[in-house]
Amino acid sequence: DPILEGWNNVGNPYQSTIDWTSASWIKTNVNDALYFENSGLWGTYIAGVGANGGSQYIAPGQGFFVQCNNIAGGSLGFDPGIRTHTRGTFLKNSVANMIRLQASGNSLSMETVIRFTENATNGFDANYDAHMLFSDLINYPNVPQIYSMENGYLAINALSSADQVPVGFKAGLDGVYTIDMTENNDIATVILEDLLTGNITDVNTSSYTFNYTAGENEGRFI
């Protein structure tokens with residue numbers, strides 16, 4: 001399974017923050033997404049977009065995951081030119097034609113990003129898409145997990161175009177959860193459909209709160 005293979009745990013070897021977007025990296029057969037474990041959540045960053053706290057900046061000593069995309073192997077080379085004087089604060093840039101959906105409940109939240117760009121395809125794009133890495137529902141049953149299901153499970157999904165995008169949700173606890181659109185750049189109409197209840201919500205103007213039973217069909221939303 002290409003989603004499960006090729007993962008490597010790497011660490012920042014410098015005593016300064018490093019920048020994942022620096023041209024000084026030596027990357028061969030490595031997907032461009034960066035992943036961090038963060039107290040049961042997975043932060044990720046790719047192509048100017050961060051989700052769940054993910055950023056292009058990697059703090060001193062910080063461990064992170066990348067994925068090799070070639071069975072023959074790949075390489076990730078460190079060069080002093082990747083170092084930066086920033087303290088690692090995420091400098092948020094406005095990315096065109098994207099929305100950010102946040103699921104919240106149990107005093108926790110998780111987000112997923114869907115963006116549209118002519119440089120992407122509707123398949124998996126190593127330079128634009130980031131896999132969804134799920135929280136362990138045994139140890140973190142209270143985490144509300146939301147993700148795109150258009151071409152695999154994705155935390156950040158870049159598409160060339162689409163009228164409908166399936167969105168998955170799951171958690172380890174029954175309860176009441178809410179989906180908000182916390183960012184919208186340039187998309188005039190965004191409708192969330194609950195396939196279980198038939199409810200339709202214009203998330204440009206309001207959030208959607210729903211009852212959830214652990215173990216139900218994850219493909220609940222469009």
Nearest atoms (heavy-atom pairs only) where [X] meets [Y]:
X: P60; Y: S16; value: CG-C, 3.6 Å
X: L34; Y: T44; value: O-OG1, 2.9 Å
X: Y14; Y: D79; value: OH-C, 3.3 Å
X: S22; Y: G81; value: OG-O, 3.4 Å
X: L108; Y: P144; value: O-CG, 3.7 Å
X: I187; Y: M98; value: CD1-N, 3.9 Å

N/O donor-acceptor pairs under 3.5 Å from side chains in residues 189-196, not counting sequence neighbours:
residue : atom : partner : partner atom : Å
D194    : OD1  : L196    : N            : 2.9
D194    : OD1  : T197    : N            : 3.3
D194    : OD1  : R220    : NE           : 2.9
D194    : OD2  : T197    : OG1          : 3.3
D194    : OD2  : Y208    : OH           : 2.6
D194    : OD2  : R220    : NE           : 3.1
D194    : OD2  : R220    : NH2          : 2.8

TODO: Answer yes or no: is there a side-chain heavy-atom contact under 4.5 Å between Y35 and F64?
DONE: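 Sidechains of F64 and Y35: no contact.
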Would you kindly say whether [X] and [Y] are connected by a side-chain donor-acceptor distance under 3.5 Å?
X: T112; Y: S148; result: no
X: D180; Y: T182; result: no
X: E218; Y: Y153; result: yes

Task: Same cluster (ILVMFWY, side-chain, under 4.5 Å), L159 and Y128 - done: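 No; Y128 is not reachable from L159 via cluster members.
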Open item on the list: For a side-chain contact (heavy atoms from CB on, under 4.5 Å) check, start with the C-alpha distance between M110 and Y147, then their side-chain angles and the critical distance, and finish with the verdict.
Closed with: CA-CA 9 Å; M110 178 179 281; Y147 41 94; over 6 Å; no
Open item on the list: Test side-chain contact (heavy atoms from CB on, under 4.5 Å) on N184 and N204; report intermediate values, then the result.
Closed with: CA-CA 8 Å; N184 181 352; N204 266 322; 2.8 Å; yes
- [ ] Report yes or no: is the cationic atom of K170 (NZ for Lys, CZ for Arg) under 6.0 Å from the centre of the six-membered ring of F134, at an angle within 45° of the ring normal?
- [x]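 Yes; both conditions hold, so K170 lies above the ring face of F134.
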Open item on the list: Which residue in the set R83, Q56, Q62 passes side-chain contact (heavy atoms from CB on, under 4.5 Å) when paired with I18?
Closed with: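 The option that passes is R83.
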Open item on the list: Can you confirm whether or not the ring centre of Y177 sits under 6.0 Å from the ring centre of F169?
Closed with: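 That pair passes the under 6.0 Å test.
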Do the side chain of [X] and the main chain of [Y] share a donor and acceptor less than 3.5 angstrom apart?
X: S206; Y: V203; value: no
X: N52; Y: E111; value: yes
X: E183; Y: R100; value: no

TODO: I would like to know whether V167 and I114 meet side-chain contact (heavy atoms from CB on, under 4.5 Å); could you show each step before the answer?
DONE: CA-CA 10 Å; V167 172; I114 299 167; 4.3 Å; yes
TODO: Would you please name every residue forming a side chain to side chain donor-acceptor pair (under 3.5 Å) with N151, sequence neighbours left out?
DONE: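 Testing N151 for side chain to side chain donor-acceptor pair (under 3.5 Å), a comparison that skips the adjacent residues, returns none.
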- [ ] Could you pull out all residues at least two apart from T121 that satisfy side chain to side chain donor-acceptor pair (under 3.5 Å)?
- [x]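 T121 satisfies side chain to side chain donor-acceptor pair (under 3.5 Å) with D125 only.
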- [ ] Measure the acute angle between the ring planes of F78 and W25, then classify it against the limits of 30° and 60° as parallel, tilted or perpendicular.
- [x] tilted
- [ ] Any chance you could lay out the side chain to side chain donor-acceptor pair (under 3.5 Å) test for T84 and D19, step after step, and finish with the verdict?
- [x] CA-CA 6 Å; T84 178; D19 185 350; 5.6 Å; no
- [ ] Could you give me the CA-CA distance, side-chain angles and deciding distance for D32 and N127, then say whether side chain to side chain donor-acceptor pair (under 3.5 Å) is met?
- [x] CA-CA 5 Å; D32 208 32; N127 293 326; over 6 Å; no
Task: Q102 vs I146, side-chain contact (heavy atoms from CB on, under 4.5 Å): CA-CA, chis, key distance, verdict - done: CA-CA 7 Å; Q102 178 179 272; I146 187 170; over 6 Å; no
